[in-house]
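We count ligands from 1, going down the list as the structure has it; atoms in each ligand are counted the same way.
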Amino acid sequence: MSRFQNLPLSLLLVAAVSAQSSIAQTAAAPVQLTAEQDHQRLMDTLHITTLRAGADAHNPAAPNAVNYDESKANPYVSLPDPLTLNDGKKVTSARVWWSQRHPELVELFDREVIGRVPAHTPKVTWQVVSTSHDTQDGIPTLTKHLLGHVDNSAYPAITVDIRMTLTTPANATHVPVILEFTFENYPRRTPAPSTATPPPPPPPVPAGPSWKQQLLAKGWGYALLEPTTIQADNGAGLTQGIIGLCNHGQPRKPDDWGALRAWAWGGSRALDYFATDKDVDAKHVGVEGHSRFGKTALVAMAYEPRFVVAYVSSSGAGGATLARRHFGEQLENVAAANEYHWMAGNYIKYAATLTPQDMPVDMHELIALCAPRPVFIGGGATEGDGWADAHGTFIAEVAAGPVYRLLGKRDLGTTVYPTIETPLIAGDLAFRQHSGGHTPAPNWPTFITFATPYLKSPSY
Ligand code: GCU
């Protein structure tokens, strides 16, 4: 029999509330470090004294000036083979891929590159905060403003409320949806990284319907997920957000998850919500992101089998381009104090005592982890988007091809780099380099054409 049996409910509630607030009071406050302090702490933990400098995008006379010359781009001769097991044996069947090689690659990416999601992450409870009706290009739409409250009862000093909007054609239910990771509704709270890595300003939006209108015209919906409500986009925030909540406010271990993995985890929680909303066909949801969120979209696709198709835009270093490549942004840039928070702490070793050549994996193998599901990779011209190295992502995609073929799917269909604006969309791996700069906009129509067979639409 409960010892609370004879107490009135109001007293029990008071007891429960004060027990909660005493947890809040007794739990140590999150550790506060600047990004530079946390980065130094990580270097000390890894016994690293100096890091190599990244590519310098500003000073062409610098010894580490950024390289945009294709003839100097490939100092690293060989890539790790996605179809060779750690013990050197070849993977020749889908069975061995799934039972041995796939888990090996996941472990290597978890430990060395992206970081591990904790074994237990808190539950997220989604709430529709408000709805609004609108008309876009003559199509009536319904938008839900959602809040995903993360259970913080284990460490109430940190609150995480994920923000997302979901827009669907008002007159339809059960529609395919593309989930975009974006700053759109919730601009960055901290200034953009200030050192040698500014993305160029995006070019003007092309004429014609926006990507959202293009999706609505097909009878599909879109969701805008705001990553910085899951995890801050800086190193100082690593003891806060979902990463800090899971660590009870303590700094990360070297194989703990970084922001890309945390943001991608939020994408999975968005899918959990879609499965409860009759307006969404949760079995036909794609994922898209540009630049740092292109990296995120790739991680989300690689780790979350419920996403059926991905558009990875200008994802560059730490995304779909190879670390073993000397063009545009370098691993050393991503390992610096303004970007290391995207990755596992261990990643910075490869900008110190080790080199990219020492990495047990490279990013073609992250693309391979998406197999057999379809992936479209895009980027802009070197003039305007060279930092994100579209050509390097193409080479990575080619190198992921053998895994798609092993699983009975079609690769890019060529190893020859296509001329700009040529879509390669006949296979399950797809690519297009658009002219113009650092923007996902010009490739949306091609991506939609590519994605159409994989996303059923009520209008068919
Ligand atoms: C910087 C960074 C890139 C990133 C980009 C962005 O340029 O170096 O890695 O993709 O910001 O997200 O806009």
Side-chain angles (χ1 to χ4, degrees), residues 35 39 51-59 64-68 113-114 180-184 186-203 225-228 230-235 237 258-264 287-300 310-323 325-344 347-348 350-351 356 363 366 377-393 396 433 436-441 443:
H39 191 249
L51 291 174
R52 291 186 300 280
D56 184 335
H58 299 300
N59 178 9
N64 57 329
V66 61
N67 176 51
Y68 291 132
V113 184
I114 291 157
E180 171 170 86
F181 294 98
T182 179
F183 284 122
E184 182 174 322
Y186 202 68
R188 4 179 150 206
R189 272 175 287 186
T190 48
S194 58
T195 51
T197 59
L225 180 63
E226 301 161 24
T228 54
I230 302 164
Q231 183 61 44
D233 188 17
N234 55 59
L260 300 184
R261 192 79 169 87
W263 294 336
V287 63
E288 179 265 346
H290 172 67
S291 211
R292 70 199 61 196
F293 299 140
K295 309 180 209 300
T296 310
L298 177 59
V299 172
Y311 171 15
V312 176
S313 173
S314 296
S315 59
T321 198
L322 296 165
R325 183 151 152 102
H326 181 55
F327 192 102
E329 183 170 24
Q330 298 292 285
L331 176 145
E332 287 81 356
N333 296 93
V334 182
N338 59 323
E339 294 183 1
Y340 78 106
H341 60 277
W342 293 337
M343 316 302 281
Y347 183 81
I348 75 168
Y350 301 100
M363 302 318 260
L366 192 60
I377 297 183
T382 299
E383 184 62 43
D385 203 20
W387 189 247
D389 185 17
H391 194 155
T393 64
Q433 182 185 30
H438 193 57
T439 163
N443 275 336

- Query: Heavy atom under 4.0 Å from ligand 1: found in Glu329's side chain, backbone, both, or neither?
  - Reply: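 For Glu329, the contact with ligand 1 is made by the side chain alone.
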
- Answer with side chain, backbone, both or neither: which part of Trp387 has a heavy atom less than 4.0 angstrom from an atom of ligand 1?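 The answer is the side chain of Trp387.
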
Are any side-chain N or O atoms of [X] and backbone N or O atoms of [Y], one a donor and one an acceptor, separated by less than 3.5 Å?
{"X": "Arg292", "Y": "Leu260", "answer": "no"}
{"X": "Ser315", "Y": "Ala320", "answer": "yes"}
{"X": "Gln433", "Y": "Gly380", "answer": "yes"}

- Item | Contact check: His290 vs ligand 1, nitrogen or oxygen atoms, below 3.5 angstrom |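 N/O-N/O distance below 3.5 Å does not exist for this pair.
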
- Item | Considering all heavy atoms, the nearest Ala264-Phe181 contact |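 Reported closest heavy-atom pair: CA-CZ, 4.1 Å.
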
- Query: Quick one: does Trp342 get a heavy atom under 4.0 Å from ligand 1?
  - Reply: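 Within the 4.0 Å threshold, so yes.
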
- Shortest heavy-atom approach to atom 6 (C) of ligand 1 - which of Ser315, Gly318, Ala336, Ser291: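 Ranked by closest heavy atom to atom 6 (C) of ligand 1, first place is Ser291.
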
- Task: State, yes or no, whether a side-chain contact exists between Gln330 and Asn67 at a heavy-atom distance under 4.5 Å.
- Result: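 Sidechains of Asn67 and Gln330: no contact.
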
- Taking the side chain as C-beta and beyond, is there a heavy-atom pair between Asp233 and Trp342 under 4.5 Å?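 Yes - at least one pair of side-chain heavy atoms lies under 4.5 Å apart.
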
- Numbered atoms of ligand 1 (with element) below 4.0 Å of His438, judged on heavy atoms: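 Within the 4.0 Å cut-off of His438, ligand 1 contributes 13 (O).
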
- Item | Atoms in ligand 1 with a heavy atom of Lys295 nearer than 4.0 Å |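 Heavy-atom distances to Lys295 below 4.0 Å select 3 (C), 4 (C), 9 (O), 10 (O).
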
